[in-house]
Amino acid sequence: MDIQWYPGHMTKAKRMMQEDIKLVDLVIELTDARAPLSGRNPDIDEIGKNKFRVILLNKADMADENMNHRWISYFQKAGFHAAAINARSGAGMKQIESIILEACREKQERDRKRGIRNRPLRAMVAGIPNVGKSTFINSFAGKACTKTGNKPGVTRGKQWIRLNKNVELLDTPGILWPKFDDPMTGQKLAALGSVRDEVLQAEELSVWVMDYVRENYPGFLSSRYPIEETGQTELLLANIAISRGCLQKGGTPDYSKAAALVLDDFRSGRIGRITLESPPDHTG
Ligand code: G4P
């Protein structure tokens with residue numbers, strides 16, 4: 001992971017997005033299905049006001065399926081059009097066009113009433129780094145795909161990917177930065193590998209992940225590693241180190257190697273399909 005967040009980067013990214021957003025009807029926001037709120041920057045609501053909005057829970061293949069349904073329904077209740085996808089394999093991509101059309105129905109009806117026909121809907125993809133924006137655009141483009149050049153009325157140099165006569169996608173995504181007001185947000189994004197975790201914190205992070213997993217997904221850790229799930233988490237980590245041969249000279253457990261292994265397994269979904277946060281209660 002080589003993303004570093006400097007205020008200058010953020011300002012530039014935000015400015016570019018504010019420019020690009022003027023060109024589109026719709027914002028397709030990607031978030032990580034494993035932490036759908038932490039993986040968003042709520043500023044998008046301000047930047048994207050007056051635009052039609054779709055939220056896609058990407059990497060749904062690595063998230064808890066039951067939670068995917070709950071999150072979709074949460075975002076739908078909040079007024080978004082939402083779906084779960086796996087941009088890498090293409091699963092869920094077929095529904096995207098109809099979701100876009102549905103989200104922009106009001107505009108299409110308005111156009112029709114005014115006698116405007118054959119004007120494609122224009123969309124941009126946005127999300128935090130590493131959420132899968134390029135993968136999504138490639139997957140979208142794979143099916144299309146005529147790239148359209150400059151057009152009158154369109155900023156020079158902008159490339160549009162034409163899905164069909166109905167939909168065009170801006171080929172450069174809008175980059176949002178994560179918002180770390182709540183320390184848990186940083187913790188979750190670091191666990192997912194969406195922000196750089198400092199080497200020194202890997203042990204702490206892996207212990208947090210293991211605690212979360214054994215509390216919320218009992219049996220997952222013991223299926224992956226030959227360990228009991230009870231007892232102190234540090235002891236679990238030591239047992240993982242021993243069972244996987246992560247040892248220092250003299251045979252003592254190498255905690256930092258074991259931590260890196262656990263984090264790598266977690267991030268690639270090898271421990272199981274896990275979601276790190278539940279939708280806030282709507283009843284309140
Ligand atoms: P970005 O443009 O938003 O920064 O993200 P990008 O598309 O580069 O995707 C970041 C990583 O997430 C890539 O993995 C990509 O393959 C993976 N990814 C994207 N969508 C999905 C998905 O729906 N499911 C899963 N499991 N992974 C997804 P990488 O390890 O950086 O590259 P590579 O191993 O694919 O080459």
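Values below: all heavy atoms of this structure, side chains included; hydrogens, waters and symmetry mates excluded. First listed ligand is number 1; within each ligand, the first listed atom is number 1. Only a predicted model underlies this, so the values are computations on that prediction, with no experimental measurement involved.
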Verify same cluster id: L170, V131 (apolar side-chain graph, 4.5 Å): yes

From N86, L30, D32 - option closest to atom 22 (C) of ligand 1 by heavy atom: N86

Protein heavy atom under 4.0 Å of atom 27 (N) of ligand 1: yes

Gap between atom NZ of K257 and atom CD of Q248 - 0.5 Å precision: 9.0 Å

Nearest-option assignment for atom 31 (O) of ligand 1, heavy atoms, candidates N58, N130, L56: N130

Nearest neighbour of atom 16 (O) of ligand 1 from the list M62, R88, K59, R267, on a heavy-atom basis: R88

Mutual orientation of the aromatic rings belonging to F75 and F80 [parallel < 30°, tilted 30-60°, perpendicular > 60°]: perpendicular

S89 side chain to N86 side chain, donor-acceptor N/O pair below 3.5 angstrom: yes

Straight-line distance of R88 CZ to N138 CG, nearest 0.5 Å: 13.0 Å

Shortest protein contact, atom 2 (O) of ligand 1 (heavy atom only): S134 OG, 2.6 Å

Nitrogen or oxygen atoms of A60 and ligand 1 under 3.5 Å apart: no

Pairing of D45 and R40 as salt bridge, 4.0 angstrom limit: yes

Option of least heavy-atom distance to atom 9 (O) of ligand 1 (set: T135, V125, I137): T135

Heteroatom distance test (V131, ligand 1): nitrogen or oxygen, under 3.5 angstrom: yes

Proximity of D61 to ligand 1 by residue part, where a heavy atom lies under 4.0 Å: side chain

Mutual orientation of the aromatic rings belonging to Y74 and W71 [parallel < 30°, tilted 30-60°, perpendicular > 60°]: perpendicular

Carboxylate-amine/guanidinium contact E109 R112, below 4.0 Å: no

Residue, atom name and distance, where the atom is the protein heavy atom closest to atom 5 (O) of ligand 1: G132 N, 3.1 Å

Under 3.5 Å: N/O of P129 near N/O of ligand 1: no

